[in-house]
A.B. asks: 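After the structure tokens below, expect a handful of questions from me.
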Amino acid sequence: MGYFKEYDPAAIEKKWQKHWEETGTLNAESSHDKPKFYPLIEFPYPSGQGLHVGHPRSNTAMDIIARKRRMEGYNVLFPIGWDAFGLPTENFAIKNGIHPAVVTKKNVDHFREQLKRLGFSFDYSREVNTTDPAYYKWTQWIFLKLWEKGLAYKSEMPINWCTSCKVGLANEEVVGGVCERCGGEVIRKVKSQWMLKITSYAQKLIDGLEDVNFIEKVSTQQRNWIGRSEGAEVDFALTTGDKLRVYTTRPDTLFGATYMVISPEHPLVEKHRALLTNYEEVAAYKEAAARKSDFERTELNKDKTGVELKGIRAVNPLTGTEIPVWISDYVLMGYGTGAIMAVPAHDDRDWAFAKKFGLPIIEVVAGGDVQNAAFTDIQTGTLVNSGFLNGLSVKDAKKAIIDYLEEKGLGERKVNFKLRDWVFSRQRYWGEPIPMVSCPCCGWVPLPYDQLPLKLPEVEKYEPTDDGESPLAAMTDWVNTACPKCGGPARRETDTMPQWAGSSWYFLRYIDPHNDKALADPEELKYWLPVDWYNGGMEHTTLHLLYSRFWHRFLYDIGVVPTKEPYMKRTSHGMILGSNGEKMSKSRGNVVNPDDVVDELGADSFRLYEMFMGAFDQAIPWQTDGARGCRRFLDRVWKLASMLNDGNGISKDLAYDINVCVKKVSEDYEQMKYNTAIAAMMTLVNTMYQKGSVSRDELGVLLQLLNPVAPHITEEMNEMCHIGPELVRKPWPQVDEKALVKDTVEIAVQINGKVRCRVNVPSDLTRESADAYFAGCEEVKRLLEGKTPKKQIYVPGRLLNIVL
RNA sequence: GCUGAAGUGGUGGAAUGGCAGACACCGGGGACUUAAAAUCCCCUGCUUUCACCGGCGUGCGGGUUCGAGUCCCGCCUUCAGCACCA
């Protein structure tokens with residue numbers, strides 16, 4: 001067999017990409033005959049920088065699964081689209097005076113071209129683009145449905161305001177007190193904002209995690225973010241005559257409440273300002289607290305501050321004791337009732353506050369030393385100084401006290417969540433217009449469904465104004481409209497939706513992307529949902545993933561989609577770092593451009609390296625030498641074409657190695673252990689080189705195993721060597737279990753746990769017959785000369801350990 | 001502070017409680033070549049030794065076990081997420 005030709009990645013990659021595009025081989029089939037498989041990657045934001053080496057890591061990983069599933073006989077929908085609304089595009093447009101839609105088109109075209117060069121098996125016929133009016137028509141439609149069900153509302157409230165982007169942010173978008181996107185300072189600002197009531201789905205979002213198969217850290221992070229806690233609300237009588245309601249998770253410690261703390265913004269303060277003998281001091285504290293940004297509030301959280309409300313006292317409902325009431329910014333208006341009962345003996349924050357201001361500390365759960373530290377253990381303590389609760393465990397006391405409070409009408413069981421409603425307004429141009437009209441007579445009126453999509457108007461300027469209004473506000477022609485209800489003059493909403501809107505349901509649109517009667521056909525939804533496997537970044541766990549689960553569950557509740565949960569399985573990739581181990585960024589100068597790598601080594605080598613570089617879920621530094629090593633491996637694979645022999649089938653001396661490889665690769669792909677799968681194929685290739693030649697069938701198996709990672713070179717070799725039909729149409733290889741059985745196996749012989757020699761033993765040697773066998777074994781006898789073994793342990797196929 | 005993950009050669013990393021360092025990268029040697037590159041073959045944890053043979057080795061200190069990178073207890077360090085949520 002002759003040597004064929006040089007390995008030329010550029011030529012063969014182009015050839016096969018063209019072939020797949022022309023034949024539509026990789027597109028989903030419209031027939032519903034086969035079992036379906038729906039893998040998903042997070043659709044990219046088409047930034048001006050182009051593709052990052054991080055994108056192909058997730059894409060290749062899911063492409064491998066998609067390609068393997070096709071060979072396993074599934075109808076696979078592996079889609080791609082563009083999450084194209086967003087600030088960077090808008091900022092670029094502002095700076096250069098180009099319409100964001102023009103910028104978006106250019107960026108999308110560039111991204112598509114870059115992705116196509118990498119040979120992903122996306123179904124490009126189903127592309128979606130969140131900025132396409134035919135798409136955002138349905139984003140707006142979902143918003144109107146949410147409004148209809150009372151889940152969208154407009155509210156004056158303090159929001160997180162990025163001073164640099166001049167835009168309101170959801171809690172999820174504030175990281176360490178600064179804007180997630182630009183790092184600008186975030187302050188609190190009262191603004192009228194559209195809100196989505198995700199809080200009413202808090203419990204459903206927790207419960208739904210039971211029905212899906214997310215990696216543990218994703219489920220945990222979602223649960224923590226939703227932050228469910230169980231406790232009670234309790235009323236304390238005030239000397240003013242009204243009641244102060246608090247939320248506590250430790251109602252069992254009620255006897256130990258020695259003072260109360262309310263948030264500086266609590267309405268009670270202003271209500272009773274006349275009674276306060278130190279109102280000036282209180283007002284000064286309030287003002288100081290209001291001025292602090294969230295960042296400052298958290299930075300200073302070690303040192304407690306506060307002011308007593310002199311002139312107001314509260315009464316402990318159980319002991320009848322009068323206790324003082326303080327204001328402090330460690331109590332947040334936005335959680336619970338904005339007021340707490342302080343039990344310094346059993347809460348760290350209350351303890352620190354009490355120590356600072358000399359407030360009494362009364363132990364009600366025995367087990368610690370409450371003068372030195374709060375005792376917060378709820379497992380071991382026993383109630384003391386607590387009347388009828390004395391002697392009970394914390395758990396029993398909780399139940400007893402809540403029953404008592406409910407019976408006496410002093411309080412009740414209560415579940416709280418940390419999750420806040422979703423701030424859905426952005427004072428920006430490049431987003432979906434919110435299809436609502438404000439009418440002086442009718443209030444907020446939804447746009448009728450037949451007027452969707454409400455398109456973005458053409459404007460001259462894209463900058464938000466300094467007072468925080470959207471650029472759309474300046475478009476009087478567009479803003480002034482007739483009320484859909486009464487026909488009178490009215491104004492359109494000028495805020496737009498956040499970037500998370502379009503990405504909350506895009507996986508539904510892929511299923512039926514060109515439908516103009518519904519967001520997708522119910523029959524199609526029934527066949528394709530849920531997404532079987534969704535891979536993405538950990539950074540989206542509390543943002544995109546939670547939001548889209550919320551929308552999907554809502555759509556389920558109103559009968560639009562057939563499944564409660566959108567995604568069956570969620571996995572996560574690690575970041576690719578610069579070669580210096582730091583995050584890749586322009587300013588650090590450690591950015592690797594995928595195009596350069598493809599130019600030098602080819603797409604297959606690039607894909608291979610991204611999968612080989614290390615454990616898939618871990619952050620890994622990029623090493624160009626490592627990528628070159630992967631190219632070297634493909635060169636070696638290519639040369640196998642010149643090592644073909646005349647043999648048929650799998651020869652005896654390769655059967656074992658090939659089947660070990662088939663088994664390892666098949667299992668490892670499923671567990672995303674791509675690095676060890678590739679290592680197994682490298683080992684097999686090394687073995688083939690040792691042997692000096694391979695048969696067509698042997699090479700065929702290797703090519704097929706490698707195909708999901710390196711689709712171009714493998715198809716080319718398959719064709720060039722006349723091995724069989726296109727690899728995409730061949731069934732995935734099965735393990736021949738018989739070939740995995742060897743006659744003898746080398747084991748290690750240890751003395752007291754140290755390896756002394758290796759011997760070959762029959763592979764079917766059992767523990768029971770081991771002693772007899774080794775008694776006659778020359779090597780073992782030699783090792784034991786003059787020594788008496790106390791014990792022998794034989795682990796079949798592994799080792800023999802002799803204890804002296 | 002809380003939660004989670006992780007610490008293994010010069011580097012990236014492998015190892016259902018069973019031969020630590022698979023597979024690569026880097027480095028070294030050899031073959032081929034006028035030469036270089038590429039390619040092929042060999043070596044490559046540290047340490048003693050001419051060599052054989054040894055000794056030591058998975059962040060640190062204990063423990064369980066015939067046997068621990070892996071399990072348990074106590075620390076240290078790094079990374080990620082959350083951060084006054086009562």
Side-chain angles (χ1 to χ4, degrees), chain A residues 175-177 216-218 220-221 223-225 227-229 231 246-251 253 257 260-261 263 294 297-304 328-332 334-343 346-350 352-353 416-420 538-539 541-542 574-575 579 581 608-609 612-615 617-630 632-633 635-636 639 664 673 675-686 689-690 746-758 789-804:
Chain A
V175 176
E216 195 49 42
K217 60 179 174 178
V218 169
T220 306
Q221 232 181 80
R223 264 191 212 99
N224 291 345
W225 188 264
R228 181 191 155 99
S229 70
V246 302
Y247 173 70
T248 177
T249 54
R250 295 292 306 275
T253 62
M260 314 205 57
V261 186
S263 157
D294 269 5
R297 250 167 117 141
T298 49
E299 274 303 283
L300 299 170
N301 73 28
K302 305 246 151 54
D303 192 22
K304 298 271 180 294
S328 172
D329 62 6
Y330 84 89
V331 175
L332 310 170
Y335 184 77
T337 61
I340 62 156
M341 66 174 200
V343 184
H346 305 292
D347 181 278
D348 292 322
R349 294 149 302 176
D350 297 346
F353 192 84
N416 261 329
F417 298 95
K418 288 187 202 175
L419 188 68
R420 287 301 120 81
M538 278 310 288
E539 71 275 19
T541 304
T542 52
M575 227 193 320
S579 54
L608 188 74
Y609 175 60
F612 182 65
M613 60 197 300
D617 59 353
Q618 257 144 56
I620 310 279
W622 178 276
Q623 294 181 103
T624 299
D625 279 336
R628 295 204 179 99
C630 286
R632 201 169 303 155
F633 169 65
D635 285 333
R636 279 165 71 78
K639 271 197 230 154
K664 180 79 179 151
K673 290 164 80 172
N675 54 338
T676 49
I678 291 163
M681 290 185 278
M682 289 173 167
T683 305
L684 179 60
V685 170
N686 290 343
Y689 268 68
Q690 299 284 330
E746 190 189 71
I747 64 153
V749 179
Q750 298 181 330
I751 299 218
N752 289 338
K754 292 203 164 152
V755 181
R756 292 301 159 183
C757 72
R758 285 161 232 278
K790 207 158 56 178
K791 199 173 169 187
Q792 282 193 177
I793 296 116
Y794 175 63
V795 183
R798 295 281 183 175
L799 53 70
L800 172 74
N801 190 13
I802 301 166
V803 187
L804 295 178

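For the numbers below, each heavy atom of this structure counts, side chains included, while hydrogens, waters and symmetry mates do not. Naming convention: chains lettered A, B, ... in sequence-line order (proteins, then strands); numbering from 1 in each chain. Predicted model, so just to flag it, every value in this text is computed and none were measured.
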A.B. asks: Side chain of A:Lys639, heavy atoms from C-beta onward: which of B:C40, B:U3, B:C84 has the nearest atom to it?
C.D. replies: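 Shortest atom-to-atom distance from the side chain points to B:C40.
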
A.B. asks: Write down the distance separating the P atoms in B:U34 and B:G27, rounded off to the nearest Å.
C.D. replies: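 Result for the P pair: 26 Å, nearest Å.
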
A.B. asks: Between A:Met341 and A:Arg250, what is the shortest heavy-atom contact and its length?
C.D. replies: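 Looking at all heavy atoms of both residues, the shortest contact is CE-O, 3.6 Å.
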
A.B. asks: Side chain of A:Thr248 only, please: which of B:A86, B:U3, B:A22 is the nearest?
C.D. replies: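 The closest nucleotide is B:A86.
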
A.B. asks: Suppose you measure atom C1' in B:C26 against the same atom in B:G62; what distance do you get, rounded to whole Å?
C.D. replies: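 Going atom to atom, C1' in each nucleotide, I get 38 Å.
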
A.B. asks: Think A:Arg798 has a side-chain N or O under 4.0 angstrom from the OP1 or OP2 of B:U16?
C.D. replies: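 For A:Arg798, the contact criterion (side-chain N or O under 4.0 Å from OP1 or OP2 of B:U16) is not met.
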
A.B. asks: Atom CD of A:Gln221 to atom C1' of B:A5: distance rounded to whole Å?
C.D. replies: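 It works out to 11 Å between those atoms.
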
A.B. asks: Select base, sugar-phosphate, or nothing to describe what A:Arg632 touches, counting heavy atoms under 4.0 Å on all strands.
C.D. replies: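 A:Arg632: backbone/sugar contact only, no base atoms under 4.0 Å.
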
A.B. asks: Given B:G18, B:C82, B:G13, identify the nucleotide with an atom nearest to the side chain of A:Trp225.
C.D. replies: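 Among the listed nucleotides, the one closest to the side chain of A:Trp225 is B:C82.
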
A.B. asks: Checking all strands, does A:Asp348 fall into the base, sugar-phosphate, or nothing category for heavy-atom contacts under 4.0 angstrom?
C.D. replies: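 The residue A:Asp348 makes no contact with any strand.
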
A.B. asks: Looking at A:Asn675 and A:Ala615, what are the two nearest heavy atoms and their distance?
C.D. replies: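 What the structure gives for the nearest pair is ND2-N, 3.6 Å.
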
A.B. asks: Ignoring hydrogens, what is the shortest heavy-atom contact between A:Tyr330 and A:Phe353? Give both atom names and the distance.
C.D. replies: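 In this case the closest contact between A:Tyr330 and A:Phe353 is CE2-CD1, 3.5 Å.
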
A.B. asks: Rounding to an integer number of Å, can you tell me how far A:Asp635 CG sits from B:U39 P?
C.D. replies: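 So the two atoms are 7 Å apart, to the nearest Å.
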
A.B. asks: Indicate whether OP1 or OP2 belonging to B:A15 is found under 4.0 Å from a side-chain N or O atom of A:Lys673.
C.D. replies: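 Result: yes.
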
A.B. asks: May I ask you to verify if any side-chain N or O of A:Tyr330 is less than 4.0 angstrom from the OP1 or OP2 atom of B:A86?
C.D. replies: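 Negative; the distance criterion is not met.
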
A.B. asks: In whole angstrom, what separates A:Tyr335's OH from B:A83's C1'?
C.D. replies: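 Whole-Å distance recorded here is 14 Å.
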
A.B. asks: Which atoms form the tightest heavy-atom contact between A:Lys639 and A:Tyr689, and what is the distance?
C.D. replies: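 Looks like CB-OH, 3.4 Å.
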
A.B. asks: For B:C72 and B:G21, measure between their C1' atoms and round to the nearest Å.
C.D. replies: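 Roughly 26 Å separates the two C1' atoms.
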
A.B. asks: OP1, OP2 of B:G67 versus side-chain N and O of A:Asn752: anything below 4.0 Å?
C.D. replies: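 No, no such contact exists.
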
A.B. asks: 5'-most contact on RNA chain B: A:Gln623 or A:Lys664, nearest heavy atom basis?
C.D. replies: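 The residue whose closest nucleotide sits nearer the 5' end is A:Gln623.
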
A.B. asks: Considering only side-chain heavy atoms of A:Thr676, which listed nucleotide, B:C25, B:G12, B:A14, is closest?
C.D. replies: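 Closest of the options to the side chain of A:Thr676: B:A14.
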
A.B. asks: If you check the A:Asn224 side chain, which of B:C84, B:U3, B:C66 turns out closest?
C.D. replies: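 For A:Asn224, the side-chain atoms sit closest to B:U3.
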
A.B. asks: With sugar-phosphate meaning primed atoms plus P, OP1 and OP2, does A:Ile620 contact a base, only sugar-phosphate, or nothing at under 4.0 Å between heavy atoms?
C.D. replies: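 Sugar-phosphate, backbone atoms only, no base.
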
A.B. asks: Between B:G29 and B:U78, how many Å separate the two C1' atoms, rounded to a whole number?
C.D. replies: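 Here B:G29 and B:U78 have their C1' atoms 39 Å from each other.
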
A.B. asks: Over all strands shown, is A:Asn686 touching base, sugar-phosphate only, or nothing at heavy-atom distances under 4.0 angstrom?
C.D. replies: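 Result for A:Asn686 = sugar-phosphate.
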
A.B. asks: What integer number of Å spans the C1' atoms of B:U77 and B:U8?
C.D. replies: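 Pairwise C1' distance, B:U77 against B:U8, rounds to 15 Å.
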
A.B. asks: Base, sugar-phosphate, or nothing for A:Lys754, non-hydrogen atoms under 4.0 angstrom?
C.D. replies: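 Sugar-phosphate: the residue A:Lys754, judged by heavy atoms under 4.0 Å, touches backbone atoms but no base.
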
A.B. asks: Rounded to the Å, how far apart are A:Tyr689 OH and B:U39 P?
C.D. replies: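 Taking OH of A:Tyr689 and P of B:U39, I get 10 Å after rounding.
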
A.B. asks: How long is the line joining CD of A:Gln792 and P of B:G67, in whole Å?
C.D. replies: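 For the pair A:Gln792 CD and B:G67 P, the rounded distance is 16 Å.
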
A.B. asks: Using atom CD of A:Gln618 as one end and atom P of B:C79 as the other, report the distance to the nearest whole Å.
C.D. replies: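 In whole Å, B:C79 P and A:Gln618 CD are 15 Å from each other.
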
A.B. asks: For B:G67 and B:C82, measure between their P atoms and round to the nearest Å.
C.D. replies: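 Going atom to atom, P in each nucleotide, I get 45 Å.
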
A.B. asks: Got a second to check how far A:Asn801's CG is from A:Arg756's CZ, nearest 0.5 Å?
C.D. replies: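 Answer for the CG-CZ pair, A:Asn801 versus A:Arg756, is 11.0 Å.
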
A.B. asks: Once pairs are restricted to Watson-Crick or G-U wobble with both distances under 3.5 Å, how does RNA chain B read as a dot-bracket string, [ ] for crossings and | for other-strand pairs?
C.D. replies: (((((((..(((.....[....))).(((((.......))))).(((......)))..(((((..]....))))))))))))....

A.B. asks: The side chain of A:Tyr247 is closest to which nucleotide in this list: B:C42, B:A86, B:C26?
C.D. replies: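 Nucleotide nearest to A:Tyr247's side chain: B:A86.
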
A.B. asks: For the residue pair A:Tyr609 and A:Trp622, does the interplanar ring angle fall in the parallel (under 30°), tilted (30 to 60°) or perpendicular (over 60°) class?
C.D. replies: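 The rings of A:Tyr609 and A:Trp622 stand perpendicular, inter-plane angle above 60°.
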
A.B. asks: Measuring only the P atom in each nucleotide, how far is B:G69 from B:C79? A whole number of Å is fine.
C.D. replies: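 Result for the P pair: 27 Å, nearest Å.
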
A.B. asks: Flag the pair A:Ile793 / A:Leu800 as yes when at least one side-chain heavy-atom distance between them is below 4.5 Å, and no otherwise.
C.D. replies: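 A:Ile793 vs A:Leu800: side chains apart.
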
A.B. asks: Measuring from the side chain of A:Asn675 (C-beta onward, heavy atoms only), which nucleotide among B:C23, B:G18, B:G13 has the closest atom?
C.D. replies: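 Nearest to the side-chain atoms of A:Asn675, counting from C-beta on, is B:G13.
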
A.B. asks: Atom CG of A:Leu332 and atom NZ of A:Lys418: how far apart are they, to the nearest 0.5 Å?
C.D. replies: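 Interatomic distance, A:Leu332 CG to A:Lys418 NZ, rounded to 0.5 Å: 11.0 Å.
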
A.B. asks: Would you mind classifying the nucleic acid contact of A:Val803 as base, sugar-phosphate or nothing, using non-hydrogen atoms under 4.0 angstrom?
C.D. replies: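 Sugar-phosphate, no base atom in range.
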
A.B. asks: Students often get this wrong, so: under 4.0 angstrom with heavy atoms, is A:Gly753 touching a base, only sugar-phosphate, or nothing?
C.D. replies: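 Nothing, no heavy atom under 4.0 Å.
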
A.B. asks: Classify the nucleic acid contact of A:Thr541 as base, sugar-phosphate or nothing, counting any heavy atom under 4.0 Å across all strands shown.
C.D. replies: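 Since no nucleic acid heavy atom lies under 4.0 Å of A:Thr541, the category is nothing.
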
A.B. asks: Is there a side-chain contact between A:Thr683 and the phosphate of B:A22, meaning an N or O under 4.0 Å from OP1 or OP2?
C.D. replies: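 The answer is no; no side-chain N or O of A:Thr683 sits under 4.0 Å from OP1 or OP2.
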
A.B. asks: Could you grab the distance from atom CZ of A:Arg228 to atom CG of A:Asn416, nearest 0.5 Å is fine?
C.D. replies: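 Reported to 0.5 Å precision, the distance equals 10.0 Å.
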
A.B. asks: In whole angstroms, how far is the P atom of B:G67 from the CZ atom of A:Arg756?
C.D. replies: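 In whole Å, B:G67 P lies 15 Å from A:Arg756 CZ.
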
A.B. asks: Classify A:Asn801 by what it touches in the nucleic acid, base, sugar-phosphate, or nothing, heavy-atom distance under 4.0 Å.
C.D. replies: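 Result for A:Asn801 = base.
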
A.B. asks: Measure from the side chain of A:Arg636, starting at C-beta and using heavy atoms only, and say which of B:U3, B:C41, B:C23 lies closest.
C.D. replies: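 In terms of side-chain proximity for A:Arg636, the closest of B:U3, B:C41, B:C23 is B:C41.
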
A.B. asks: Pull up the glycosidic torsion of B:G9 and say syn or anti, syn being anything within 90° of 0.
C.D. replies: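 Syn, since the glycosidic angle lies within 90° of 0.
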
A.B. asks: Rounded to the nearest Å, what distance is computed from the CZ atom of residue A:Arg628 to the P atom of nucleotide B:C23?
C.D. replies: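 That distance rounds to 23 Å.
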
A.B. asks: Contact between A:Asp347 and A:Ile340 at the side-chain level, heavy atoms closer than 4.5 Å - yes or no?
C.D. replies: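 In short, these two side chains do not touch, never coming nearer than 4.5 Å.
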
A.B. asks: Over all strands shown, is A:Phe612 touching base, sugar-phosphate only, or nothing at heavy-atom distances under 4.0 angstrom?
C.D. replies: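 Counting heavy atoms under 4.0 Å across all strands, the contact made by A:Phe612 includes a base.
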
A.B. asks: Pick base, sugar-phosphate or nothing for A:Ala615, based on heavy-atom distances below 4.0 Å to the nucleic acid.
C.D. replies: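 Sugar-phosphate, no base atom in range.
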
A.B. asks: Suppose the criterion is salt bridge (charged side-chain N to carboxylate O under 4.0 Å, His left out): which pairs have a residue in residues 795-804 of chain A, not counting sequence neighbours?
C.D. replies: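 Qualifying pairs: none.
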
A.B. asks: Let's go through A:Asn686 and A:Arg636 carefully: what are the C-alpha distance in whole Å and the side-chain angles of both, what is the deciding distance for side chain to side chain contact (heavy atoms under 4.5 Å, CB included) to 0.1 Å, and is it a yes or a no?
C.D. replies: CA-CA 9 Å; A:Asn686 290 343; A:Arg636 279 165 71 78; 2.9 Å; yes

A.B. asks: Work out how far the P atom of B:G74 is from that of B:C23, and round it to whole angstrom.
C.D. replies: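 Taking atom P in both B:G74 and B:C23, they lie 39 Å apart.
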
A.B. asks: When all nucleic acid strands are considered with a 4.0 Å heavy-atom cut-off, which category describes A:Glu216: base, sugar-phosphate, or nothing?
C.D. replies: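 Here A:Glu216 touches no strand at all.
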
A.B. asks: When the nearest nucleotide of RNA chain B is assigned to A:Lys791 and to A:Gly614 on a heavy-atom basis, which residue is associated with the more 5' position?
C.D. replies: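 Looking at the nearest nucleotide for each, A:Gly614 comes out on the 5' side.
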
